[in-house]
Protein chains: 2
Amino acid sequence: MLFSVAPNEDAGAWRAMTTGVAAGPLPAARKETFCSSCQARAKGMCAALAEAELSGLSAISRSRVLASGLPVIREGEHADAVYTVTSGMLKLFKMLPDGRQQITGFASAGDMIGLSYGDSFAYTAETITAATVCRFPRNGLSTMMARHPHLQGRLLAMTSIELTAAQDQILLLGCKNAAERIGSFLLALARRAEGTAGDPQPTVFLPMQKTDMSAYLGLRPETLSRQFRKLEDAGLIERVAADRIRLLDPDALSDMAGRVA
Amino acid sequence: MLFSVAPNEDAGAWRAMTTGVAAGPLPAARKETFCSSCQARAKGMCAALAEAELSGLSAISRSRVLASGLPVIREGEHADAVYTVTSGMLKLFKMLPDGRQQITGFASAGDMIGLSYGDSFAYTAETITAATVCRFPRNGLSTMMARHPHLQGRLLAMTSIELTAAQDQILLLGCKNAAERIGSFLLALARRAEGTAGDPQPTVFLPMQKTDMSAYLGLRPETLSRQFRKLEDAGLIERVAADRIRLLDPDALSDMAGRVA
DNA sequence: ATCAACAATTGATCTGAATCACTGTTTGTG
DNA sequence: CACAAACAGTGATTCAGATCAATTGTTGAT
């Protein structure tokens, strides 16, 4: 049953994903499908259900291990399922006909992708690290929601949180200059990261490429690079590694970022 | 009972609103409170309930008539209620400490404001025309949602739609230039307006000030003014009145806007 | 280990939109 | 009705960030 192609699945898209699997050994993926041992068990929508209710989710879901750089859903395609990320990171983006692309967010363990009111996906989601995602056919999920109102409430809460994040991003893109955007982004990462609470000089992990980061912040990679140098020269940040930055003065950064997000 | 200040209401904010009422005669407002005769009966969250179920909403809601330029909710304030717009238009905006403000959206009949996961409002909502809003205390609404799962489902759908709109706005602010932003905005207005479906040269109504429009599009009023002139000179639009514009060539406008919202 | 392909950095230059300054036009008010 | 205050339009100038161009890492495939 696991890894079988369900009748209403977009076989083409899934085939492409399966072909790309290189890193993740299949047995590991198989284990993921048992919700009770899932890394994201306590996060996202699954957190809404008691242990005993999980069997229903297990029954309708399928888990997949994906290599980096593979699409999970594509903007405009028929939305017959939603997905939960259980490990790794994805970028969510929209494109204009001429190729310009705007990253609307990053998704990691516990986050949901593909939930939309219409019948087609509003954005493309692509892995930017090796990742595991869990697929829930729409009709199966509807049944579950009808049976467990808690679940619907949880989805409403998650969607509201996402909406708030989107509005913060609108504020960032509409009002803030390059330095403020980067400051806001670093602080948001620090806030979301676990184990950095209370650390006066938190180190943030940047798994995405600079190119993706700039596409998220509405800047060009060159601008990002220059602004990072300025922040470094000003003694506000320190590059610990290529993908790791220590915030030397979060308060100053916060002031600069407009004390928001 | 109508217009009384409920115990958990922010009396200060409401007093301010009531003071400002000038246009709306009270009897008219009183009528609004009977949901069955509400202008927004078939829109927004109320559409989820059958006629017989409306009494529950009537019981917990209070309707108010507001003059233009008055706040309904304020960013950061304690969120103990949500509101539905039943007539008129509001602007929703967030501010930075230094005063820069970004309008995240406009709300009109059927739209909901103040729904958020946290315990404080994420944005300020202010009337930009005379308007009527309907107040639902949070706990009353929770009770209603528990009783009517349809209602919760409707809220989820509405929030998803709003999220999609927010992501479109992120694309607009992150990628598009001034002309494209205006084109997208005009087309979105034309699409939302009733009675313009199929009209090859729809006329759109712009109730908001140029200042608000520019704050929504992440531009300065001067830039907006110049771009409008260019669109006019290019024969794409025609100014029918100060607040009314006819789209002479929606297709060309659509191409220019990147064929997206 | 080598090399091709791609990502990141840095510099030089350009440009779209912001800013500044002023004028005309509404709007609301006593 | 007059008049202040706010809004809208236009021109001149500036500037933040984009674009163009070149170099230097990094990565991953063979």
Side-chain angles (χ1 to χ4, degrees), chain A residues 20 22-23 67-70 91 96 98-103 126 128-130 172-183 185 206-233 237 239-245 256, chain B residues 20-23 67-70 91 96 98-103 126-130 172-183 185 206-233 237 239-245 256:
Chain A
S68 183
L70 298 172
K91 62 174 173 181
L96 291 175
D98 65 3
R100 281 176 287 177
Q101 78 173 49
Q102 177 64 32
I103 293 182
E126 205 175 289
I128 56 172
T129 67
L172 180 143
L173 293 171
C175 286
K176 297 184 184 179
N177 65 27
E180 291 167 335
R181 292 179 195 201
I182 294 171
F185 181 66
L206 301 162
M208 71 286 296
Q209 298 180 163
K210 294 275 180 291
T211 286
D212 287 335
M213 201 173 139
S214 71
Y216 178 63
L217 297 175
L219 300 170
R220 304 272 112 187
E222 295 95 325
T223 303
L224 202 67
S225 188
R226 280 185 254 271
Q227 293 293 336
F228 262 120
R229 170 145 298 288
K230 276 192 190 172
L231 289 177
E232 208 171 13
D233 292 347
I237 64 169
R239 303 195 197 194
V240 184
D243 57 359
R244 223 165 269 278
I245 286 179
M256 194 196 66
Chain B
V21 173
S68 182
L70 299 172
K91 62 174 175 182
L96 291 175
D98 65 4
R100 280 174 288 177
Q101 77 174 48
Q102 176 64 32
I103 294 183
E126 207 174 287
T127 55
I128 55 172
T129 67
L172 180 144
L173 294 171
C175 286
K176 297 184 184 179
N177 64 26
E180 291 167 336
R181 291 179 197 203
I182 294 171
F185 181 67
L206 301 160
M208 71 287 293
Q209 299 178 164
K210 292 278 179 292
T211 288
D212 288 335
M213 201 173 140
S214 70
Y216 177 63
L217 297 175
L219 300 169
R220 301 274 116 185
E222 297 95 322
T223 303
L224 202 66
S225 188
R226 278 185 256 272
Q227 294 292 336
F228 263 120
R229 170 144 298 289
K230 277 192 190 174
L231 289 177
E232 210 171 12
D233 291 347
I237 64 169
R239 304 196 198 192
V240 183
D243 56 359
R244 223 166 271 275
I245 286 178
M256 195 196 67

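In what follows, chains carry the letters A, B, and so on, assigned in the order in which the sequence lines appear, proteins first and then strands, with residues in each chain numbered from 1.
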Exercise for review: Verify the contact: side-chain N or O of B/Thr223 to OP1 or OP2 of C/dA17, cut-off strictly under 4.0 Å; return yes or no.
Suggested key: no
note: A/Leu224, atom CG; D/dT19, atom C1'; distance rounded to Å ~ 16 Å
Nearest heavy-atom contact between B/Met213 and B/Leu206 is SD-CD2, 4.3 Å
Taken to the nearest whole Å, NZ/B/Lys210 to P/C/dT27 is 12 Å
_Sugar-phosphate, base or nothing in reach of B/Arg239, heavy atoms under 4.0 Å_ = sugar-phosphate
Here the distance between atom C1' of D/dT10 and atom CD of B/Glu232, to the nearest Å, is 14 Å
Rounded to whole Å, the CZ-C1' distance (A/Phe228 to D/dG17) equals 16 Å
From CG of A/Asp233 across to C1' of C/dT9 the rounded distance in Å is 13 Å
Taken to the nearest whole Å, CG/A/Asn177 to C1'/C/dA18 is 13 Å
- Query: Counting any heavy atom closer than 4.0 Å, what does A/Gly218 reach on the DNA or RNA strands: base, sugar-phosphate only, or nothing?
  - Reply: sugar-phosphate
To the nearest angstrom, the CD-P distance between B/Glu222 and D/dT10 comes to 12 Å
- prompt: Do B/Leu231 and B/Met256 have side-chain heavy atoms sitting under 4.5 Å apart?
  reply: yes
note: A/Leu217, atom CG; D/dA18, atom C1'; distance rounded to Å ~ 16 Å
| field | Sugar-phosphate only, base, or nothing, as touched by B/Leu219 at under 4.0 Å among non-hydrogen atoms | value | sugar-phosphate
C/dT9 phosphate, OP1 or OP2: any side-chain N/O from A/Arg229 under 4.0 angstrom? no
* Asked: Taking only N and O in the side chain of A/Arg220, is any of them less than 4.0 Å away from OP1 or OP2 of D/dT19?
  -> yes
On a heavy-atom basis, the closest approach of B/Ile237 and B/Ile245 is CB-CG2, 3.9 Å
Does A/Arg226 make a side-chain donor-acceptor contact with the base of C/dG11, cut-off 3.5 Å? yes
Against the side chain of A/Ala178, the closest entry in D/dG11, D/dG17, D/dA8 is D/dG17
In short, B/Tyr216 meets B/Gln102 closest at the heavy-atom pair O-NE2, 3.2 Å
Distance col, row B/Arg100:CZ vs A/Asn177:CG, nearest 0.5 angstrom, shows 6.5 Å
Side-chain contact check for A/Gln209: nearest option of C/dA8, D/dA12, C/dA17 is C/dA8
Between B/Pro221 and A/Gln227, whichever has its closest DNA chain D nucleotide further toward 5' is B/Pro221
